[in-house]
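Worksheet for the structure shown next.
Chain identifiers are assigned alphabetically (A, B, ...) following the order of the sequence lines, protein sequences preceding nucleic acid strands; residue numbering begins at 1 within each chain.
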Protein chains: 2
Amino acid sequence: MSTIHMEVLSPIAKPAVTSADRVLAQIQRAVVEGEIAAGSKISEPELARKFNISRAPLREALARLERCHLIERIPNAGARVVRLSYEGLLQLYQIREELEGLACRLAAEHMAIEEIEQLQELLDQHLSHQRVREGESYYQEAGDLDFHYRVILGSKNPYLINMLCDELYYLVRMYRVQMGMNGPRVSRAFDEHKAILTAIGNRDGELADLLMRRHISASRKNIEIKLAQQEK
Amino acid sequence: MSTIHMEVLSPIAKPAVTSADRVLAQIQRAVVEGEIAAGSKISEPELARKFNISRAPLREALARLERCHLIERIPNAGARVVRLSYEGLLQLYQIREELEGLACRLAAEHMAIEEIEQLQELLDQHLSHQRVREGESYYQEAGDLDFHYRVILGSKNPYLINMLCDELYYLVRMYRVQMGMNGPRVSRAFDEHKAILTAIGNRDGELADLLMRRHISASRKNIEIKLAQQEK
DNA sequence: AGTATAATTATTGTCGACAATACTGGAAAG
DNA sequence: CTTTCCAGTATTGTCGACAATAATTATACT
């Protein structure tokens, strides 16, 4: 339950040894959840006071926030939380489609049998959760992320893992939380996840790749519809 | 001549307004060219003295070097220049294949006619250079990068542009320079570039995508061969 | 009154010093 | 002689203050 929660919020366990790490995690959460509004300016002195640290570790944290596209910095002018748009979300999903397709193919090649079995257990577990708590979107959301994270980690490609988990997924979560991107697809997602996992289990990288692309593509097309609605 | 040089070293013009920017560019070059050896430790006080700046902007620069995978930092322990390996290069090219394929498809959709014409001129120009200075690998190298950069920029997807140009390509260049990845393919590359550009000009995104993937895949297979040779 | 310019204020970028942590060498114990 | 522990050294993380740049307000001029 809360294990799922924590795991999803930080897929790769980083012990947060430095104070910049701690503050980073807090600001990251605040930005993703919309506590610090999208598009709002970030004041270094203000945040430094708020978290009881100096500006040095804060700036370190801001640098990493920029890295995962949560804020934008302009030299000598300051940092702003990114603005969300259907266009931006679409551009994000275009990349996800390619990279997660690749990740899935590599996962089919490189995942250990134990990892696959654990992922299978996780899906069963999520399914029961979903049955019991029908309509509660948080578990579905967390479950979806958890599945994707594990597949990505299964690729064993460190660049790919870094790009997806550390650079893109915080923004994906920000979009989901703030634009309510948990549409009618959630029920279908489980079946698609199962199919993908089966392909991985069969070591059929090509099929796993295709299914993952289709899985993400379906979400992307939802976004395109909303974008079209907005433009007219 | 030197215009090509500069353009390739920094595809997106960033005016380097702050001292961290200047130092970043210098260290980036030094690492890519191997002036600071791969795998060597980075001493903050030493580099700070060397460039006549304080440690604050230096650390800012180091953070960005980590972002483009040129150095690795361990909390409380320090930073090291990355080590190069055929395995790492392969993982890099797996990602390039997907992302640049996508970029190429998007470029076919979004590039302005003027941009396509300019790119055509660039290819012609490079071809004549190649004929005159046969065997001089620098122009070929620069020309190749220049082509890829322009296609990526043509995608008009800011996340994609950032990931490829700012996060991956410095490392790609580092591999090319230090492992001499300018094999017998250089002569073929021009023809492949021309074919890709033709597809873009015809607004045939699907074909452009395929050709770009094949273009990069060919390089990747060269690496796989070297990796296999090394392992036996 | 509106606009352009100048002074003021606030914010960011940079610096030097201190605290906390990790590395190094040597002494003591097995 | 090897291993473990400890002290000393060096490096990284953090802090508060200063300098440089940008934003804001006030002022003067058309």
Side-chain angles (χ1 to χ4, degrees), chain A residues 10 12-28 30-31 35-83 166, chain B residues 10 12-28 30-31 35-83 166:
Chain A
S10 68
I12 303 168
K14 288 176 187 170
V17 62
T18 178
S19 76
D21 293 328
R22 282 193 304 276
V23 170
L24 169 64
Q26 295 186 66
I27 303 180
Q28 230 166 16
V31 169
E35 214 166 277
I36 303 176
S40 63
K41 183 161 179 357
I42 289 193
S43 162
E44 291 186 6
E46 183 189 329
L47 275 186
R49 276 199 313 275
K50 187 171 181 178
F51 291 106
N52 286 320
I53 55 170
S54 146
R55 277 177 54 220
L58 177 70
R59 283 170 66 85
E60 171 84 28
L62 292 184
R64 297 193 212 167
L65 280 179
E66 185 183 21
R67 184 182 192 163
C68 51
H69 308 278
L70 291 184
I71 67 172
E72 286 167 352
R73 300 179 95 181
I74 299 171
N76 287 314
R80 305 193 80 86
V81 178
V82 293
R83 284 181 194 287
D166 297 342
Chain B
S10 68
I12 303 168
K14 289 176 187 170
V17 63
T18 178
S19 77
D21 294 327
R22 281 193 306 276
V23 170
L24 169 64
Q26 295 186 65
I27 304 180
Q28 229 166 16
V31 169
E35 213 165 278
I36 303 176
S40 62
K41 184 164 181 352
I42 290 194
S43 163
E44 291 185 7
E46 184 189 329
L47 275 187
R49 278 199 310 275
K50 188 170 179 178
F51 291 106
N52 287 318
I53 55 169
S54 147
R55 278 177 54 221
L58 177 69
R59 283 171 66 86
E60 170 84 28
L62 291 184
R64 297 195 213 167
L65 281 178
E66 186 184 21
R67 185 183 194 163
C68 53
H69 309 279
L70 292 184
I71 68 172
E72 286 167 353
R73 299 179 95 183
I74 299 172
N76 286 315
R80 305 193 79 88
V81 179
V82 293
R83 284 181 194 286
D166 296 343

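For the side chain to side chain donor-acceptor pair (under 3.5 Å) test, no residue two or more places apart in sequence or in another chain qualifies with B:E66. In this structure B:A30 satisfies the side-chain contact (heavy atoms from CB on, under 4.5 Å) test together with B:E35, B:I36, sequence neighbours excluded. Checked against side-chain contact (heavy atoms from CB on, under 4.5 Å), A:A56 has the following partners two or more places apart in sequence or in another chain: A:S54.
The ring pair (Phe, Tyr, Trp, His ring centres under 6.0 Å) analysis of residues 37-67 of chain A, with sequence neighbours excluded, yields no pairs.
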For residues 67-76 of chain B, tabulate all N or O donor-acceptor pairs below 3.5 Å that involve a side-chain atom, not counting sequence neighbours.
none

With B for base contact, S for sugar-phosphate-only contact and - for none (protein heavy atoms under 4.0 Å), nucleotides 10-25 of chain C reads --BBBB-B---SS---
